[in-house]
Undergrad: 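Have a look at this one before I ask anything.
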Amino acid sequence: LFFETLRHALNLAEKLTLVVKTSDWRDWHTLLFLYLSICLTVRMAPLTGNIRGALGAILVAGILAYLISRVSPPSADTLNTTWTLITYSVAVLSLLLILSLLITGAVRLVKVFLESK
């Protein structure tokens with residue numbers, strides 16, 4: 001199950017890469033959207049000093065979402081929209097993780113080669 005989940009995360013990153021490669025880079029809306037979506041997904045992680053407050057906020061938001069779902073009628077459109085946003089966020093974070101690991105590995109490899117001479 002772990003490797004299947006990992007493969008699905010890689011598929012998400014691959015699909016996001018294809019979408020980014022086929023995007024219209026001359027349009028400033030595309031660049032702004034990419035920049036803002038990266039900023040949003042990176043800022044979703046709480047800072048180490050704010051973890052207690054973030055966990056409290058997540059708990060309160062979960063309770064409020066549960067109460068609202070009990071009061072309002074169920075809607076498949078809301079679930080589809082929310083799931084799409086969550087999937088997009090996971091794809092962006094997976095792609096950023098892969099890119100940062102590749103860059104870190106390349107920099108450390110060059111550093112090892114330069115120090116050995």
Side-chain angles (χ1 to χ4, degrees):
L1 184 62
F2 171 76
F3 291 110
E4 185 177 332
T5 305
L6 186 64
R7 183 64 205 152
H8 288 301
L10 288 174
N11 282 340
L12 278 175
E14 287 174 342
K15 289 178 183 178
L16 182 64
T17 304
L18 289 174
V19 168
V20 169
K21 281 176 23 178
T22 58
S23 297
D24 182 19
W25 287 93
R26 291 172 282 159
D27 186 15
W28 65 272
H29 293 96
T30 304
L31 297 174
L32 182 65
F33 178 76
L34 286 174
Y35 173 75
L36 291 176
S37 62
I38 289 171
C39 290
L40 171 73
T41 54
V42 169
R43 287 297 300 158
M44 283 191 317
L47 300 173
T48 55
N50 300 337
I51 288 182
R52 188 177 305 157
L55 290 176
I58 290 170
L59 181 66
V60 169
I63 292 171
L64 286 175
Y66 174 75
L67 293 175
I68 289 172
S69 70
R70 287 292 176 193
V71 173
S72 65
S75 172
D77 185 47
T78 305
L79 181 63
N80 289 337
T81 303
T82 306
W83 193 251
T84 304
L85 288 174
I86 291 171
T87 305
Y88 178 71
S89 299
V90 169
V92 170
L93 289 173
S94 298
L95 185 61
L96 288 175
L97 176 66
I98 291 168
L99 289 175
S100 65
L101 287 174
L102 287 173
I103 291 170
T104 303
V107 167
R108 288 187 182 179
L109 184 65
V110 168
K111 189 176 179 181
V112 166
F113 279 134
L114 291 177
E115 288 179 355
S116 66
K117 290 183 179 187

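All figures in this text were calculated on a predicted structure; none of them were measured in a lab.
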Undergrad: Side-chain heavy atoms nearer than 4.5 Å, only ILVMFWY residues, links allowed to pass through others: does that put Y35 and W28 together?
TA: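 Yes, Y35 and W28 fall within the same hydrophobic cluster.
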Undergrad: Which is it for Y88 and T84 under the side chain to side chain contact (heavy atoms under 4.5 Å, CB included) test, yes or no, and what are the steps along the way?
TA: CA-CA 6 Å; Y88 178 71; T84 304; 5.6 Å; no
Undergrad: Could you give the side-chain donor-acceptor pairs of residues 2-17 under 3.5 Å, partners two or more places apart or in another chain?
TA:
residue	atom	partner	partner atom	Å
T5	OG1	L1	O	2.9
R7	NH2	N11	OD1	3.0
T17	OG1	A13	O	2.7

Undergrad: Begin with the C-alpha distance, continue with both residues' side-chain angles, and end with the deciding distance and a verdict on side chain to side chain contact (heavy atoms under 4.5 Å, CB included) for D27 and F33.
TA: CA-CA 10 Å; D27 186 15; F33 178 76; over 6 Å; no
Undergrad: Assess whether side chain to side chain contact (heavy atoms under 4.5 Å, CB included) is satisfied between L67 and V71, documenting all intermediate values.
TA: CA-CA 6 Å; L67 293 175; V71 173; 5.6 Å; no
Undergrad: I need the full list of salt bridge (charged side-chain N to carboxylate O under 4.0 Å, His left out) pairs touching residues 16-25, with sequence neighbours left out, sorted by first then second residue.
TA: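 Counting only pairs at least two positions apart or across chains, the salt bridge (charged side-chain N to carboxylate O under 4.0 Å, His left out) contacts touching residues 16-25 are D24-R26.
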Undergrad: Out of curiosity, I63 CD1 to I68 CD1, how far, rounded to the nearest 0.5 Å?
TA: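 If we round to the nearest 0.5 Å, I63:CD1 and I68:CD1 are 12.0 Å apart.
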Undergrad: Could you name each residue pair satisfying salt bridge (charged side-chain N to carboxylate O under 4.0 Å, His left out) that touches residues 97-106, not counting sequence neighbours?
TA: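 Sorted pair list comes back empty.
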Undergrad: Examine L85 and V20 and state if one hydrophobic cluster contains both, with Ile, Leu, Val, Met, Phe, Trp and Tyr joined whenever side-chain heavy atoms are less than 4.5 Å apart.
TA: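 Unlinked, L85 and V20 end up in two clusters.
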Undergrad: Take L93 and L97, measure what side chain to side chain contact (heavy atoms under 4.5 Å, CB included) needs, and give me the verdict at the end.
TA: CA-CA 6 Å; L93 289 173; L97 176 66; over 6 Å; no
Undergrad: Starting from V92, can I reach M44 by hopping between I/L/V/M/F/W/Y residues whose side chains sit under 4.5 Å apart?
TA: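 The answer is no; the residues belong to distinct hydrophobic clusters.
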Undergrad: Can you tell me how far apart CG (L32) and CG (L36) are? Round to the nearest 0.5 Å.
TA: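 Taking CG in L32 and CG in L36, the distance rounds to 4.5 Å.
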